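Every chain is numbered from 1 and lettered A, B, ... according to where its sequence line falls, protein lines coming before strand lines. Nothing here was measured: the structure is a model prediction, and the numbers come from that model.
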Amino acid sequence: MFRSLTYAQRAMHVLERGGVTVVLVKAPQSVSKAGCTYGLRLRPHHLQYSLELLKKHNLPHGKVYEYTADGKPEEVQV
Amino acid sequence: MIYLDCAATSLQKPRTVHRAVQQALETMASPGRGGHPAAMRAADTAYRCREALAELFHVPSPEQVVFTFNATHALNLAINDLVSSGDKVVVSGYEHNSVMRPLYQRNARVEIVRTPLFASEEMVRGFAKALPGARAAVCTAMSNVFGYITPIGEIAELCRYYRVPLIVDASQAAGSLPMNFEELGAAYMAMPGHKGLLGPQGTGVLLCGRVPTPLLAGGSGSDSRNPYMPALLPDRLEAGTHNIPGLAGLLAGVEYIRATGIERIAAHERAVRNGFVRRLQTMDAVKVFAAEAAELQGGVVSIQCEGVDCEILSEALGRAGVAVRGGLHCAPCAHETAGTGELGTVRFSFSPFNTQQEGAMAAELTKHCVNNLKT
């Protein structure tokens, strides 16, 4: 999750250049505490590598969520 | 028509700009609002425009590129952030009303460094003397009246030394001169999208070296529960719906400049201007404000004609098929400094799309009009 669309976009470009396929999405309202948040959706096995890439590029991110089998987002501790 | 009023707005744009605007009108919605494809296409275009501008001007990150309505809006944002009532602000003698009026409106104590045209060493010395104790400094990178390329690098260095935040007005320079925002270390750099950057009107850019106070408050498409504008750039300064067709066109304009090469554009404009100036200088009745050293002047040149009103000459040129601007060019400060305040000038401003032939023809038509008006 990201605090602004532009940060989410920059993160998307960084991850894509790093070989991670991501999709830019509007975050579900249930997790969008600040209102109108954007997130990047990616495969779980890319998570750790993606977080490292973002840290390397000084790109702050918010919470991380995993979608459960019934399609609900659940926070993941990273 | 020979269009030589690019200092007002660049009428001739690359075809890619036209196509980009059309495509945006047909396929793009508003970024940062919905999550549907049309909104995401708009978001992608806006982001790519930020990225392209960040690369062109050597800005560390795209978030520091803020979209505005025009350069005036950008300058007001910057001045609003740095200047309060009674603050001492140092400016060059060649500033536009989009700098001077916001400063006076905020009741700043404006100290104008008045130096002769093209006298860069004097300007640097003037800033060195005036900067101590200043709250901010504003300097144009290129005069919109005379095309004078100011010693902005040295002035930026002085500002860093005296720890005075600098606002660079790049309205004429952007797209025509190489500029490095990071190297300058300026607090802000403002520019329109519709002049040298070859984008549509209704676009402007503010490069931010700091996080400013917002001027407008409203919807930003982020952090919506926050009753105040978000803390982060660019959202903090971008309230309301973006001009996406404009930004699509601006992106195409910037891509054109990057593909062509900014040094090549600068050299071309200078060559057309030089050809025009050489032809016109043969006429005794015309005073051409041209720098002896070519690197001191961009693709803008002003003239005065003995006994001929500048607006009447401009009108005659318009009828003859040469589009120029006469008068004070919204820059009375520049005219007062250069000594042209009483009569004004006729300004010719060149673009990457003007040819040597057009420059030559414009000079001949100017001589023809002057002869007619003097008889």
Please classify the contact between B:Asp223 and chain A as side chain, backbone, both or neither, with a heavy-atom cut-off of under 4.5 Å. both
Gap separating the [atom1] atom of [X] from the [atom2] atom of [Y], nearest 0.5 angstrom:
X        : Y       : atom1 : atom2 : value
A:Glu16  : A:Leu53 : CD    : CG    : 12.0 Å
A:Leu51  : A:His46 : CG    : NE2   : 12.5 Å
B:Leu215 : B:Ile79 : CG    : CD1   : 10.5 Å
A:Lys72  : A:Glu66 : NZ    : CD    : 15.5 Å

Hey, mind stepping through A:Tyr7 and A:His61 against side chain to side chain contact (heavy atoms under 4.5 Å, CB included) and telling me if it holds? CA-CA 8 Å; A:Tyr7 273 87; A:His61 62 84; over 6 Å; no
Which residue out of B:Gly35, B:Gly32, B:Pro62 racks up the most heavy-atom pairs below 4.5 Å with chain A?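 Option with the greatest count: B:Gly32.
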Which of B:Ala39, B:Gly34, B:Ala231, B:Pro230 touches chain A most, by non-hydrogen pairs under 4.5 Å: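 Top option by heavy-atom pairs under 4.5 Å: B:Gly34.
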Let's test your reading of the structure: which of A:Asn58, A:Thr37, A:Leu24 forms the most heavy-atom pairs below 4.5 Å with chain B? A:Leu24
Which one wins on heavy-atom pair count under 4.5 Å against chain B: A:Met12, A:Gln9, A:Arg3?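 Looking at each of A:Met12, A:Gln9, A:Arg3 in turn, A:Gln9 comes out on top.
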Which residues satisfy the salt bridge (charged side-chain N to carboxylate O under 4.0 Å, His left out) test with B:Arg106, sequence neighbours excluded?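 Testing B:Arg106 for salt bridge (charged side-chain N to carboxylate O under 4.0 Å, His left out), a comparison that skips the adjacent residues, returns none.
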Hits for salt bridge (charged side-chain N to carboxylate O under 4.0 Å, His left out) against B:Arg50, two or more places apart or cross-chain, chain-then-number order -> B:Glu238
Under the side chain to side chain contact (heavy atoms under 4.5 Å, CB included) criterion, do B:Leu216 and B:Leu77 qualify, and how do the steps go? CA-CA 9 Å; B:Leu216 288 180; B:Leu77 273 167; over 6 Å; no
Over all heavy atoms of both residues, which pair between B:Ala239 and B:Met229 is shortest? Give the atoms and the distance, please. CB-CE, 3.7 Å
Taking all non-hydrogen atoms of both residues, which atom of B:His73 and which atom of B:Phe69 are closest, and how far apart? ND1-N, 2.9 Å
What part of A:Phe2 lies closer than 4.5 angstrom to a heavy atom of chain B: side chain, backbone, both or neither?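 The answer is neither part of A:Phe2.
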Taking B:Arg19 for the side chain and B:Val17 for the main chain, is one N or O donor matched with an acceptor at less than 3.5 Å? no
I need the contact set between residues 165-176 of chain B and chain A: heavy-atom distance under 4.5 Å, sorted by residue number. none
If contact means a heavy atom pair closer than 4.5 Å, which residues of residues 247-259 of chain B contact chain A?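 Checking residues 247-259 of chain B against chain A gives no residue, so none.
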Can you tell me if A:Thr6 and A:Ser4 form a side-chain donor-acceptor pair at under 3.5 Å?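 Distance-only check fails for A:Thr6 and A:Ser4.
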